[in-house]
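Chain identifiers are assigned alphabetically (A, B, ...) following the order of the sequence lines, protein sequences preceding nucleic acid strands; residue numbering begins at 1 within each chain.
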Amino acid sequence: MRKLVGVLLGFLVLVWASDPWAADTIKIGVVGPRTGPAAATGKAFEEGIALALDHINASGGVLGKQVEVVFEDTGGVPEKAASGFEKLVTRDQVPIVVGESHSSSALAEIEVANRYKVPFIICEAWHDDITKKNYKWVFRAGPANSGVVDFYIAPFVKDMGFKKVAIVRENSDWGVGIAERTEYNLTKMNIPFVTLKVEREAKDFYTELTKLKAENPEIILAYIYGTGLHFFLAQAHEVGLAPKALVLDGAGPPSLWESFWKNVGDAGELELFISSMHQDVHLTPTSRKFWDDYKKKFGKDPSDYKTRSIYNVLLIAADAINRAKSTNNEAIVDALEKTELEVTTGVVKFGLNPGSYEYHQWMPPMLVVQWQNKKQVVVYPKEAATGVLVRAK
Amino acid sequence: MSEFLMFLTNGLVMGGINAISALGVSLVVGIMRVINFAHGEMYIFGGYLSYQLAVGAGIPPVLSMLCSVAAVFLGGLAIEKWLIRPTYGDEMYSLIITFILSIILQNAALLIFGPYPVKPPSLVFGATNIFGLFHYGNQRLLSLALAAGIIGAIMYLVRRTWFGKSVRAISQDREMAAMLGVDHLKVNMISFGLGCALAASAGAIIAPIFPVTPSGSGAVSLTAFVVVVLGGMGSLKGCIAGGVILGVLENLGAAYISTDYRHIFGFIILIGVLVLRPWGLFGKRI
Amino acid sequence: MKRAGLAGVFLIAILVPFFLNQYWLHVAIISLFYVMMASSWNLIAGYTGQVSFAHAAFAGVGAYTSGMLALYGGVHPALGIIAGTLLAGVLGLGLGGLCIRMGGIYLSLTTLGFSEILRIIITNEEQWTRGTMGLQIPGVFSVYSKTHYYFLFLAVTLAFLVLMRRLLNSDTGLAFRAVLNDELAASTSGIDTVRVRLMAFTSSSAMAGLAGGLYGHYLMLITPDIPSLGQMFLVLAMAVIGGMGSFAGPIIGAIALEFLSEYIRIYGEYHLLLFGLVALVIARFAPSGMVGLWEKIWRRR
Amino acid sequence: MLEVRDVDVFRGEAQVLWKVSMEVMRGEIVTVLGANGAGKTTLFETILGLHHPEGGKIQFLGQDITREPTYRIVRMGMACVPEGRRIFPEMTVQENLEMGAYAPAARRAMRESMDWVMDLFPVLRERKHQVAGTMSGGQQQMLAIGRALMSRPSMLLVDELSLGLAPVVTNEIYSAIRKLNSQGMTVLLIEQNAARTLRNSHRGYVLETGRIVLQGPSTDLLHNDHVKKAYLGG
């Protein structure tokens, strides 16, 4: 029993002694998956963070101090995400948190942000509810399902004249949300469709694909994140469904990962994906700078556009703190609401009318890209197109 | 009809893979009464190593598969010697140690190989039109053939060789086998290595079809265990039957009942077996 | 002496919230959850020698039962937690009845299977559980306060430990140990080993359900991560590192590992690997854990 | 040939053998007599290296085998038939016999050994392909002895040879053992059934509560009052 008392006392002393000292840097919290099935996003984020810190600190930091990032791993798991977010707030005492790429994690995190009244800028979690809940502390400088579907996917399907659509969605918040929005749009446009549900992290889709083949769709909207998409695509070719039916990756990054071509082989040809980034499409000077800086630092072209997304939100956060002239939460939110900052994808301006998902939301322009002879060709929207859609013979 | 045949073929392919993976578990359970919870990790390592050797080191795919299986075999020998042997006679500790080992290897795989699923080069490409009924990936057909070949080899090994005889003798009466001059420590070690190598070969064969990820190891282990219980602990015949039954049921169940519950059919079978026939289809009655 | 020690522990425990900031208070609450989990797992593994892999799953049963009752039925969490505890106990009884006679490998595999079934059901019944996305559930208190939660967890944990201690010191507890030490001897001396194991398994499962229910309402978010094997590993590692089969072992192990995991958080990805290695070394070379090692050193001096 | 000297053996906390010493010479049939629980089986297992003694020494063919693992001792030329026969029930008769020739040296001569054993126990030839577990007790005992002989041992250890067998069968087996002995095989019998065993052996030891209490030529033991009272029911 004495030893138990000893151990407990020891812990208390240790814990007490380890409280954070006065900081001479400004800490910004980042949440995102560094482990788990989407750990690739973590790597993309790390690159983006490095570039953003170089950029911010080289131009004088924030409030005269250097900026430091504390990157908390969520593992892609909502529970870990919520507790990670809480740690950033209670332990590291960051004035603002940015990041996230999983809707499910983000939906858990915004509750914590709201509870602790900490500004939170999301970059790559698309679920409408994230901003639709209209939390004062929550912002999104990235796509929302409704925006992506309403402005890009649905018009693309309509303009290209597809007659029969298949929706394949994973069981995640993002998958469910974006599929529902797509169904809503397709119904409105009178385009027939079927929806299939698949497991997140599934690897064998033969059963689903065989069922799908009977439906004879012209395009498959694949809302599957991660390498599951690769297997889906490769198997769609094996059963003879694709490329007769074109496959559109509704998320984007998986079609750009290094492993993509290894995993899909020839099946990658003619695949379509959503992206906010293309080598030849530079909407702002910052975009060009980002591209050059990336090549200089990492010796290759950026592939995962999430690198750029996190870069953007870090810039937004730094800018807001600078304009708020303090790390006070209310002041930062005020500043964020007045944001007018040029980032790589355009000029950020958050929506201010409560009531819909557009509150505290800024939607960057997106592209529909097709792999043609292993080259990325922007096929939609027309004003950004670098080529035309190719269909299988 | 053609759809049904396609689902059935799918079931057979997965059944073959299930069977070789489960044979590895069964061999070890039969002679050592040890369940290796790190079985799935061996499968994953098999897939990853063959990928690393083929893509990273540029070794021809077939050779890289063989090398990866050999490497996992050696790893299995070391695990048996250092970790499993001290637990002989204490079932609880062998369960705990292999479970801990599985977590370690899973996280080690994550660090060494990264989180990305990898896909070693396919040995064959394209698909075959089966009797004009449905298209089927050639790599999958090859996997079925490879699995059948390995099962045949294992059956030969167990039925016809001295090693196999000693394995069967030990699983029936370990002490008596020793009293006939069988070095049961050595046989145990080799069997454990072989069990790991079987898992690795399943992983290496399947990886070009379903790329492997460190996080996928748990499901692999569980499937193998379900097959072993279904077939009867330590029964090799049971493994093959159980593997195929599970593969076919899962695929037909997924096709005609619910895709989401694909993996639950196995566990329902497991519970059913435990209630009705705990010694499995081909096991010894206990 | 012993009484003074207990009083000391109690005093420290009461004072904790006044020393710690929000963050460390959070860690303290989580460690209390793990104390309950590891101790109750120890009841079945450490005292009767059966390795259950469904312990985290039973915590999940508790968390989901209570959470969903609160969310869809408007049931007060206090009642919900009781319901969750009971359900976990009933499921434990059923599962135990199924496989405890065969014990050993069969028990481990069946519990592993159960935990997988539960995970699949939770993942797929999205319309109710929201699958992997996690379910937001109300807290126990109308106003969120970590100090409140801390005292709630502390009270339950203490009650829990006192109850367990009394159980172990009773005839039943003796029977537990008799079963562990020599099953044959136990059964010839008139102890119904199956019944004893089943009792241990059922009560340990119910305790996990209780801990899980509290945990869910504290986090206010329940996900399939609660009944996951990763969680199971943490509980097992805590018991093994602290010392299985001893009363203090899992308590010390749980507190030590939870706090340690916060210290080595910078090595994020490595922490499960590190715990795994430590647990492996301990299981291999010092099967009685930290408590056993300590006693050995103490005795030598 | 086999020498056991001052051996102390524990099982768990309890001491089972106390300073046991005994010896078997080349060409002898030696009996160790003892009641249930006297430590006979422990002695058998200790000689075979299944338990290692805490004190004392065991020598076989002039070599110290006290700490050797079982399989090495067996490969030196000691074969055994344990209590309860312990044939492999799911293997055929032939496979059981083959297992007897497991040691590398024995494998080479397996075919001849098989013929030799089947000549000794013709019933085994008839039932070559039968699954061993389905045979009668006597046949299983013959199989167990035959299996032991497959390694062409220089010494045979038999624990409770006659347990549960019909007298006719027992006689048949004893005559086989005497035949083997006349061909030069050394035999150590560990037995409860005193009269028959002593009549079929040269020398004997009496083991009581873990200690050797009597020893001498079998004929002497047969007429010893203590033996008569305790083991011969007279």
Side-chain angles (χ1 to χ4, degrees), chain B residues 25 29 33-35 37 82-87 90-111 115 215 217-219 221-226 228-229 233 258-275 278-280 286, chain C residues 45-46 48-53 94-95 97-99 101-110 112-121 123-126 131 180 228-230 232-234 236-237 239-241 244-245 269-285 287:
Chain B
V25 174
V29 168
R33 307 303 296 164
V34 166
I35 278 271
F37 278 99
W82 300 110
L83 294 174
I84 310 296
R85 193 167 296 176
T87 70
D90 190 338
E91 209 170 58
M92 180 175 82
Y93 261 96
S94 73
L95 288 168
I96 288 179
I97 281 197
T98 60
F99 182 69
I100 296 174
L101 186 67
S102 83
I103 298 285
I104 292 178
L105 291 178
Q106 195 177 322
N107 284 280
L110 203 65
L111 283 176
S215 54
S217 54
S221 298
L222 278 164
T223 308
F225 301 155
V226 170
V228 168
V229 173
M233 290 247 182
S258 159
T259 325
D260 303 326
Y261 284 98
R262 177 191 301 259
H263 296 296
I264 221 169
F265 300 120
F267 299 108
I268 292 171
I269 293 173
L270 175 73
I271 304 284
V273 167
L274 287 170
V275 173
W279 55 93
I286 9 171
Chain C
T48 68
Q50 300 298 310
V51 186
S52 161
F53 288 122
L95 195 63
L98 204 64
C99 61
R101 200 171 299 275
M102 292 174 288
I105 291 175
Y106 280 93
L107 183 117
S108 295
L109 290 185
T110 316
L112 199 68
F114 173 74
S115 118
E116 185 64 9
I117 289 183
L118 192 75
R119 192 188 65 77
I120 294 177
I121 294 177
T123 315
N124 283 317
E125 293 307 312
E126 272 165 33
L180 175 69
S228 71
L229 281 181
M232 185 63 237
F233 164 73
L234 272 181
L236 179 141
V240 167
I241 291 175
M244 274 170 65
E269 309 174 36
Y270 297 84
H271 100 267
L272 272 185
L273 185 63
L274 185 76
F275 284 179
L277 288 171
V278 173
L280 191 69
V281 168
I282 293 214
R284 167 75 172 77
F285 296 104

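Between the OG atom in S221(B) and the CG atom in L112(C) there is a gap of 8.0 Å [rounded to 0.5 Å]. One distance of note links CE of M92(B) with CG of L107(C); it measures 12.5 Å at 0.5 Å rounding.
For the residue pair G113(C) and L270(B), the shortest heavy atom distance occurs at CA-CD2, 4.3 Å. In plain terms, the two heavy atoms of I105(C) and E91(B) that are nearest each other are N-OE1, 3.6 Å. The shortest non-hydrogen separation linking G276(C) to I100(B) is O-CG2, 3.2 Å. Considering all non-hydrogen atoms of both residues, S108(C) and L95(B) come closest at OG-CD1, 3.1 Å. M244(C) and Y93(B) make their closest contact through SD-OH, 4.4 Å (heavy atoms, listed as atom of the first residue, atom of the second, distance).
Using a 4.5 Å cut-off between heavy atoms, I103(B) touches chain C through its side chain atoms alone. Neither the backbone nor the side chain of F275(C) comes within contact range of chain B; no heavy atom of the residue lies under 4.5 Å from a heavy atom of that chain. For F267(B), the parts sitting under 4.5 Å from any heavy atom of chain C are the backbone and the side chain alike. Interface residue I121(C): backbone and side-chain heavy atoms are both found under 4.5 Å from chain B. In this structure, chain B has heavy atoms under 4.5 Å from both the backbone and the side chain of L109(C).
Using a 4.5 Å heavy-atom threshold, the side chains of L83(B) and L280(C) count as touching. Annotation: side chain of F99(B) is not in contact with side chain of V51(C) (no heavy-atom distance under 4.5 Å).
Under the side-chain contact (heavy atoms from CB on, under 4.5 Å) rule, E116(C) has a single partner from L222(B), I264(B), V226(B), which is L222(B).
Between the side chain of R284(C) and the backbone N or O of P86(B) there is no donor-acceptor pair closer than 3.5 Å.
Summarising the local packing, CZ of R85(B) is surrounded by more than 12 heavy atoms from other residues, nucleotides or ligands at distances under 6.0 Å.
Between chain B and the residues G49(C), G230(C), G97(C), the largest count of heavy-atom pairs under 4.5 Å involves G49(C). Looking only at heavy-atom pairs under 4.5 Å with chain B, the residue among L274(C), L236(C), V240(C) that has the most is L236(C).
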